[in-house]
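Just so it is clear, the values below take in all heavy atoms, side chains as well, and ignore hydrogens, waters and symmetry mates. Here the structure is a predicted model, which means the values were calculated and not measured.
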Amino acid sequence: MGFYNKMSWVLAFLGFMFLGGLSNANGAIHHYDFVLKETNFTRLCSTKSILTVNGSLPGPTITVQKGDTAFVNVHNQGLYGLTIHWHGVKQPRNPWSDGPENVTQCPIPAGTNFTYEVIFSSEEGTLWWHAHSDWTRATVYGAIVILPALNTTYPFATPDAQETLILGSWFKGDVMELIEYALASGGDPNISDAFVINGQPGDLYDCSNETTYRWLVDYGKTYLLRVINAVMNEEQFFAIANHTLTVVAQDAAYIKPITTSYIMITPGQTMDILVTANQPPSHYYIASKAYVDGTVAFNNSTTTAIVQYNGNYSAPSTTPFPTLPDYDNETAADNFTSQIRALASKEHPISVPLEIHSKIIISIAINERICPNSSCSGPDGNALSASLKTSVSSSPLLTYCKHTMGPIWGNNNGVYRTSFPNKPPYTFNFTGDVGNNTIYPSFGTRVRMIKYGEGVEIVFQGTNIIAPENHPMHLHGYSFYVVGTGSGNFNSTTSPKTYNLVDPPEVNTIGVPKNGWAAIRFVADNPGVWFMHCHLERHSSWGMDTVLIVRNGNTTESKIRSPPAYMPPCSKS
C-alpha cells in the first residue's frame, strides 16, 4: 500500500529459518476477535468515516498476565488490506505474528481474516497494539495490560484500581489520502487537527466539551494510571492539575519510582503511574500537548480530560488546569527523561550485556530526494526523505514478497542486500555545519545480519541535516537497555565512559535527543526478522527504517518457530 512495494522478501528468510516447535508458554490462553470496519465518528463539528476495531476508538483492551498467550482473530471488513502490530511484545521466535506490513507478513486482504498468536514472555505492565500499514494506526489502536503472573505482585503496594489513558491524533481529512498525497507530492504531510485522550479532544476544541473524557475517582484511593502515546508525529508533555505523578514503569518494565508534576512521553512509549486521589473532591483537568524541539510544523493545541471525584459537591466554576512546560522546553524534557532508571531489584533483575560482539553506529537524518525539474513540494522543489546511516533510505523499497522460499544469505534475486554498514559511510560533524553534501541519500534495501546470542550495541547519532529533532526509535522483537545519551557527536573513546551499566532502563522505544546520541544494548536472543524505525510516522514513511535479522541458534529453542498454516497472501504485482 502507498509507498511500500506490495511484496515481502522476508517470507523467504522466514521460510528458510523455521524449524518445528510449539509455544512453550506456561500461562493462560486468551482469545479475542477484532473486527476491522468503517464507522462514523463525529469530532470537531464534523462527521467522517474512520477505520476502527469493533467500532470503538480506542479499540478494545487486551488483558493478560505475564507469560500468557493471546490469539487475536482479525476480521478485515474494511476497504483495504492492513496488518496489526503488538508494540513491545517480544514474540519469542515468532516474527510471523509481529505484524509490520511487507516486513514479516503481507496485509490481510479486505474480506478475509488472520489469527495472530501473541506470545507474552518477560513483559509486565502496559503495552499497546496498532495497525502497521501506512497511517492506519491513526484510528486503529488499543491498550495491552499485562498483569503480574500468578502468585506474584507489583513491586509497590497494590493499587485500589486502574485506569488507561491513550493519547492520540485526530485528522479531519482521510489519513490515507493525506499521506498518499504527501508522498506523491514530496511535501510534508498535514498536521493533525487535534490531539485526543481516549478518543476525545476535550474542552479546548470546538464542539467537544460535551464529550470530554472523564475519569471517575474516589477520594483517598490510589490508582495505577497507564498512559500510552499513540500520537502520530509529536512527543507529549502530560500532567494532572494538583496531583502528583509517581512513574513506576516504562514500556512494560519497572523503574525506580520518579515523583514528578509532569511526564514527557514519545510516540510508541507507555508509562505506568501511581496517582492518589488526595485533593478536595472536585474536578481537575488532565492535559497533554506537544513537545517539539525542531523547526518543523506541528499541532500546537492541547487535549484535555477531567479527573472527577465521586461524591456530593458543587462543580467548580473554574476547573484547575495543570502547568505544562512550553512546547520547546528541552530542559524540561531532559530533566524528566534523565531520571529514568531500571528498578533492578532481586524480583525484577536486569542483565545488561557487558561483552559486545556487534557495534553499530547509525546516523539519523531528514533528507531530500531530487525531483525532475524541481517538480516536488519539498525544499528546493525536491521531495522530503529520511534515512538511517545518512546515505541509505530504506523505503520505499524496504520490502519485497518472495513467492518461493530461500535463505536470505543465498540468492534473493537482488531484492535486498545484507550490507547495512557498521558505521556511517563517511564521518563529518554530524551535529554542526553539515553543508549540502549530506542532503541527498542513496536509496536501497539493506539489512543487518546478527548472529544468535551476540551482545549488540547500537549508537543512534542525531544529525543537523535539514530539520534536527528528537527521534523516537523503536525496535520490534526486543526490549533494550538505554546505557547512555548525550548531546553533540558520539565519541567512541570518551562517550562510553559515561555509560550506566548498573541500572539502565529497559525499553522498546527511545527518544534520540535532537543533535545528540543514544546508546542501547541487548543480547540477540530472539531469532527472526525485526523491523526498526522512527515512531514519528512521517519519518518512517520517508524511509527512516531498516531491518535487523537475527540468525538461528544451534538448538530448537534458539530457532525460529514454524509458520502458521495460513499467512495472508502477497500481491503478485
Side-chain angles (χ1 to χ4, degrees), residues 30-64 70-87 89 99 108 110-111 113-116 118 126-146 161-176 192-202 205 207-216 225-232 267-268 270 286 288 303-306 308:
H30 306 264
H31 294 272
Y32 290 87
D33 281 293
F34 280 15
V35 179
L36 287 159
K37 61 182 180 180
E38 294 286 328
T39 308
N40 285 337
F41 272 72
T42 300
R43 299 288 186 273
L44 308 181
C45 314
S46 62
T47 299
K48 72 168 188 173
S49 179
I50 64 171
L51 189 63
T52 66
V53 171
N54 298 354
S56 65
L57 180 72
T61 296
I62 291 177
T63 302
V64 298
F71 289 90
V72 185
N73 193 352
V74 177
H75 306 263
N76 186 0
Q77 297 179 8
L79 303 177
Y80 39 78
L82 80 165
T83 64
I84 303 292
H85 169 55
W86 319 95
H87 186 110
V89 182
I108 305 167
N113 69 293
F114 175 64
T115 298
Y116 290 92
V118 187
T126 307
L127 295 172
W128 62 302
W129 57 265
H130 59 83
H132 213 300
S133 303
D134 292 316
W135 280 29
T136 49
R137 80 167 180 87
T139 58
V140 179
Y141 60 83
I144 299 175
V145 173
I146 309 165
Q162 303 181 34
E163 179 72 10
T164 300
L165 298 179
I166 307 182
L167 314 177
S169 301
W170 181 265
F171 296 84
K172 288 184 177 180
D174 184 287
V175 291
M176 297 297 285
S192 63
D193 296 288
F195 296 123
V196 294
I197 297 177
N198 286 0
Q200 298 294 344
Y205 296 96
C207 307
S208 300
N209 58 355
E210 294 297 322
T211 57
T212 296
Y213 185 79
R214 293 173 183 266
W215 173 21
L216 302 180
L225 175 62
R226 304 175 185 272
V227 178
I228 299 167
N229 188 351
V231 170
M232 296 291 281
T270 67
I286 303 167
S288 187
T303 181
T304 60
I306 292 175
Q308 180 173 318

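- Judged by distance alone, with hydrogens and angles left aside, the side-chain atoms of N198 form a donor-acceptor pair with the main-chain N or O of T164 at under 3.5 Å.
- A heavy-atom distance below 4.5 Å is not found between the side chains of L44 and C207.
- Considering only heavy atoms from C-beta on, W128 stays 4.5 Å or farther from I166 through its side chain.
- In this structure, CG in L57 is found 4.0 Å from OH in Y141, a value given to the nearest 0.5 Å.
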Check the pair L79, E38 against side chain to side chain contact (heavy atoms under 4.5 Å, CB included), reporting the backbone distance first and the verdict last.
CA-CA 8 Å; L79 303 177; E38 294 286 328; 4.1 Å; yes

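- In this structure, N113 CG and N76 CG are separated by 9.5 Å, a value rounded to the nearest 0.5 Å.
- Inter-residue side-chain proximity for H85 and H130 is flagged as met; some heavy-atom pair is nearer than 4.5 Å.
- Taking OG1 of T39 as the reference point, atom CG of L51 lies at 8.0 Å (rounded to 0.5 Å).
- With sequence neighbours excluded, the residues forming a ring-ring contact (aromatic ring centres under 6.0 Å, His included) with F114 are Y116, listed by chain and number.
- In this structure, M176 and D134 have side chains that are in contact, with non-hydrogen atoms separated by less than 4.5 Å.
- For the pair T52 and F41, the minimum side-chain heavy-atom distance is below 4.5 Å.
- For D193 against G173, the heavy-atom pair with the smallest separation is OD2-N, 4.4 Å.
- One distance of note links CG of L167 with OG1 of T303; it measures 7.5 Å at 0.5 Å rounding.
- Residues F34 and W129 bring their aromatic ring centres within 6.0 Å.
- Side-chain atoms of Q200 and T212, non-hydrogen and from C-beta on, never get closer than 4.5 Å to each other.
- For the pair S169 and F195, the minimum side-chain heavy-atom distance is below 4.5 Å.
- No donor-acceptor pair closer than 3.5 Å links the side chain of K37 to the backbone N or O of G55.
- Without hydrogens or angle criteria, S56 side chain to P58 main chain gives a donor-acceptor distance under 3.5 Å.
- Formation of a donor-acceptor pair under 3.5 Å by the N73 side chain with backbone atoms of D33 is not found in this model.
- Contact of the I286 side chain with the L165 side chain is registered, since non-hydrogen atoms from C-beta on lie closer than 4.5 Å.
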Passes side chain to side chain contact (heavy atoms under 4.5 Å, CB included), R43 versus K172? Steps please.
CA-CA 8 Å; R43 299 288 186 273; K172 288 184 177 180; over 6 Å; no

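- Side-chain atoms of S133 come within 3.5 Å of backbone N or O of T83 as a donor-acceptor pair.
- The line from OG1 of T136 to CG of L82 is 5.0 Å long, rounded to the nearest 0.5 Å.
- Heavy atoms only, all atoms of each residue included: A110 and G78 are closest at CB-O, 3.4 Å.
- Separation of atoms CD (Q162) and OG1 (T126) is listed at 8.0 Å; rounding is to 0.5 Å.
- Side-chain N or O atoms of R137 include one that pairs as donor or acceptor with a backbone N or O of A230 at under 3.5 Å.
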